[in-house]
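First comes the structure, then the notes that go with it.
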Amino acid sequence: MSFERELIEQRREKLRRIEALGYPAYPHRFDSTHTVEQIVAAYASTSAEELAQSKPAVRVCGRLTALRGHGKAGFADLSQSGCRLQVYVRKDAVGDRAFELYQLLDLGDCAGVEGYLFRTKTGELSVHVTDLSLLAKAMLPMPEKWHGLQDVEARYRQRYLDLLANAEVSQTFRTRSKLVRALRAAMDRRGYIEVETPMMQPLAGGAAARPFRTHHNALDIDLYLRIAPELYLKRLVVGGLDRVYEINRNFRNEGISTQHNPEFTMLEFYQAYSDYRDLMDLTEQLIPEVAFEAAGTATATFGELTIDLTRFARYSLREAICEFWPEAASRPRVEDFADPPRAAAVIETWNRLHPGQERLPAPAESASAPGGASLGATVVALFEAVCERKLIQPTIIYDFPVELSPLAKSKDGEPGWVERFELYIAGMEVANAYSELNDPEEQRRRFEMQAALRERGDVEAHAMDEDYIRALCYGMPPTAGEGIGVDRLAMLLTNSRSIRDVILFPLLRPEKSPGTTEE
RNA sequence: GGGCCGGUAGCUCAGUCGGUAGAGCAUCUGCCUUUUAAGCAGAGGGUCCCGGGUUCGAGUCCCGGCCGGCUCACCA
């Protein structure tokens, strides 16, 4: 018999003995007068003398996270929702039967106690127990109490243990929850209505990404898990819902990294009669507002970095490349991105400055040149190489190439560029927004451009969506829309370097054979 | 997919030059009625990730694989 089996068998035996004492093994409920948190908060400053006099009666329950035996007495820590309360059990106070039960308890068991509050010699607020019950037995041993659960894989696969053993993990997810609530409240306050749009879509649109595919049996059709809710939310704007938002999952069938999980949570919102400038202003309000509400501060500590979420820089994408260019002598100018030959010269200079690294591609002379990257794509690639990891403090980067933004409205007088911005914090893209393209004819041309890319093998190029164009044909008011990556914002607010640390159950390869209690 | 790192008791980790598998916590037994990483005395507990190979001998060296982490690429 393996050691683990032996441990389980020991605990089965204890459970049998507990039942033999007349205690139910798995009682149905427990009436408490307080939560641990309430007791700790209410009596934090009550003196030992006052407690000795009033002997406040409490019934409280939680999980046993420490047991310190002393012969015919013992101390235990009862933990509930991240709060800890010491209980003191002595044989002459609880009686023989309950004390026998106490001796059969293990670390990790759920228990309830009844008694009165007092302070120990060392001044610790504790429950002097007069009665005790087992609420559920832990059949498997808890992780080590001092170091917690360190094995990264086990932490993700058995998140419940991670939450039990590592208090800061529990705190991270409480902060995340507050963040989602704060975002929702912020949108509600501003008059947006929350909606839910399809997660299963016949066409996966609204972003450039590879989708997951699934199948509906009764209709016998293939469907895609959504990569973005965008096209549905804009249909709602056409329908007169001038301010809508959705907080929900997107699914992208792509690589996994510290910043990418195949399913991730986005806040996406649309507002009629506005453009991207309005959303820049809104974003600058929203981020510090929700940070303060969720984390209690608008100053984020992220690894070595200290980030002030109240101050935002703004650069156009072209300005940013010039601004963050590493060498003064070869610094390009904004006009250098106006046509492929000049942009090619800038990229050539960059490649020359970075001989060891992979070369950035030069733009093709025309958009239809086979195999060549578009001017827009190469400028964005250059931006990412030059700037992205340097954008530590909150920075809005605006005006993107039209080739990469098939759903965004062009800038007046500059048809090659669209009214779009992205927000970068700590080198991560946190938000993406634009003035929505609402001209159905132009939208059709953009989709056709995408279809051409698709024919050349770009699996992420946007699919033609006739139904969406039909919706635009009924007239969509001028509208601005934005998506905010909730996971990445949660990372910033909880000092989590990996997106997996803010997702309760990140996607992992399935375990071959999880250990269970079968024999 | 490439590079680097890791996988040893339920948990956290050591393991030297290739020579009988170790500690702490947890568990079990005994003692202990104000402790708090409680304490004291004793005991049990191992597919050293898997499969090959080298060797008299492999946790250790070599090859292949599995799983995970970081990183680069990919991913607006």
Side-chain angles (χ1 to χ4, degrees), chain A residues 1-11 13-14 48 65-77 84-94 99 106-108 118-124 126 128 138-158 161 164-166 207-210 227-228 252-262 264 317 357-358 376-377 379-381 383-384 388 397 400-401 403-408 418 420-422 424 429 431-432 434 459-462 483 497-498 500-501 506 508-513 515:
Chain A
M1 180 159 60
S2 74
F3 183 52
E4 193 163 8
R5 293 265 168 279
E6 200 178 312
L7 291 171
I8 294 168
E9 199 38 59
Q10 279 170 8
R11 296 201 177 194
E13 175 56 26
K14 285 181 180 180
T65 48
L67 285 168
R68 295 178 290 279
H70 287 268
K72 295 180 184 61
F75 290 93
D77 289 345
R84 186 192 72 93
L85 177 65
Q86 177 169 268
V87 303
Y88 179 51
V89 181
R90 43 189 292 171
K91 195 172 183 179
D92 56 9
V94 299
F99 197 73
D106 285 296
L107 281 180
F118 76 112
R119 280 189 190 278
T120 61
K121 271 204 304 215
T122 57
E124 181 164 350
S126 309
H128 205 295
M139 302 305 288
L140 286 168
M142 291 291 133
E144 207 237 16
K145 63 184 173 189
W146 191 243
H147 300 91
L149 184 66
Q150 298 297 320
D151 182 82
V152 179
E153 187 178 352
R155 288 185 44 226
Y156 295 148
R157 289 196 194 279
Q158 295 180 274
L161 288 182
L164 286 172
N166 302 319
R210 305 177 68 169
I227 55 176
R252 297 187 183 176
N253 204 342
E254 290 166 352
I256 293 174
S257 78
T258 47
Q259 290 177 40
H260 299 83
N261 193 63
F264 62 99
L317 185 136
Q357 295 173 17
E358 195 160 331
V379 173
V380 167
F383 161 76
E384 285 169 2
E388 194 165 11
I397 299 293
F400 279 68
E403 298 94 319
L404 301 181
S405 316
L407 302 163
V418 297
R420 169 178 174 184
F421 74 87
E422 292 183 347
Y424 285 86
E429 184 194 331
N432 179 18
Y434 34 88
V459 290
E460 292 179 358
H462 207 289
R497 302 312 301 261
S498 169
R500 294 177 158 200
D501 291 324
L508 299 178
R509 202 179 293 277
E511 217 173 346
K512 265 188 206 141
S513 159

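All heavy atoms count here, side chains included; hydrogens, waters and symmetry mates do not. Sequence lines set the chain letters: A, B, ... in the order given, protein chains first and strands last, and positions in each chain run from 1.
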Does [X] reach a base, just sugar-phosphate, or nothing at all? Heavy atoms under 4.0 Å.
X        : result
A/Arg155 : nothing
A/Ala165 : nothing
A/Ser405 : nothing
A/Arg420 : base
A/Ala208 : base
A/Ser257 : nothing
A/Glu429 : sugar-phosphate

message = In whole Å, I'd like the distance from the CD atom of A/Glu6 to the P atom of B/C11.
response = 15 Å
task = Take the protein atom CG of A/Leu161 and the nucleotide atom P of B/C11, then report the distance between them rounded to whole Å.
result = 10 Å
Distance, [atom1] atom - from [M] to [N], rounded to whole angstrom:
N     : M     : atom1 : value
B/G59 : B/G6  : C1'   : 14 Å
B/G57 : B/G39 : C1'   : 44 Å
B/G10 : B/U27 : C1'   : 9 Å
B/G45 : B/A23 : C1'   : 14 Å
B/U16 : B/C49 : P     : 14 Å

query = Nearest 0.5 Å, what's the CD-CG distance between A/Glu460 and A/Leu404?
reply = 11.0 Å
note = Rounded to the nearest 0.5 angstrom, the CD-CZ distance for A/Gln259 and A/Arg497 is 9.0 Å
Restricting to nitrogen or oxygen on both sides, can you table the protein-nucleotides 1-7 of chain B pairs closer than 3.5 Å?
none

remark   = Taking for A/Leu149 and for A/Glu124 the nucleotide of RNA chain B with the nearest heavy atom, the one nearer the 5' end belongs to A/Leu149
remark   = Between A/Glu388 and A/Ser498, whichever has its closest RNA chain B nucleotide further toward 5' is A/Ser498
For A/Leu317 against A/Val380, the heavy-atom pair lying closest together = CD1-CG2, 4.4 Å
What is the base-pairing partner of [N], counting Watson-Crick and G-U wobble geometry with both distances under 3.5 Å?
N     : result
B/U34 : none
B/G18 : none
B/C25 : B/G10
B/G57 : none

request  = Scan for salt bridge (Lys or Arg N to Asp or Glu O under 4.0 Å) pairs involving residues 65-74 of chain A, sequence neighbours excluded, and state none if there are none.
outcome  = A/Arg68-A/Asp77
task = Can you check each nucleotide of nucleotides 26-34 of chain B against protein heavy atoms at under 4.0 Å and return B for base, S for sugar-phosphate only, - for none, in 5' to 3' order?
result = BSS---BBB
ask   = Do we see a donor-acceptor contact under 3.5 Å between the side chains of A/Tyr156 and A/Asp151?
value = no
request  = Just say parallel, tilted or perpendicular for the rings of A/Tyr88 and A/Phe118, cut-offs at 30° and 60°.
outcome  = tilted
remark   = Residue set satisfying ring pair (Phe, Tyr, Trp, His ring centres under 6.0 Å) with A/Phe99, at least two apart, ordered chain then number -> A/Tyr102
task = Could you list the residues that satisfy ring pair (Phe, Tyr, Trp, His ring centres under 6.0 Å) with A/Phe383, not counting sequence neighbours?
result = A/Tyr424
Side chain to side chain donor-acceptor pair (under 3.5 Å) involving A/Asn261 - partner list, sequence neighbours excluded = none
ask   = Any side-chain N or O of A/Arg68 under 4.0 Å from OP1/OP2 of B/A38?
value = yes
inquiry  = Is there a side-chain contact between A/Arg509 and the phosphate of B/C67, meaning an N or O under 4.0 Å from OP1 or OP2?
reply    = yes
ask   = Can you tell which of B/C70, B/G10, B/A76 lies closest to the side chain of A/Glu460?
value = B/A76
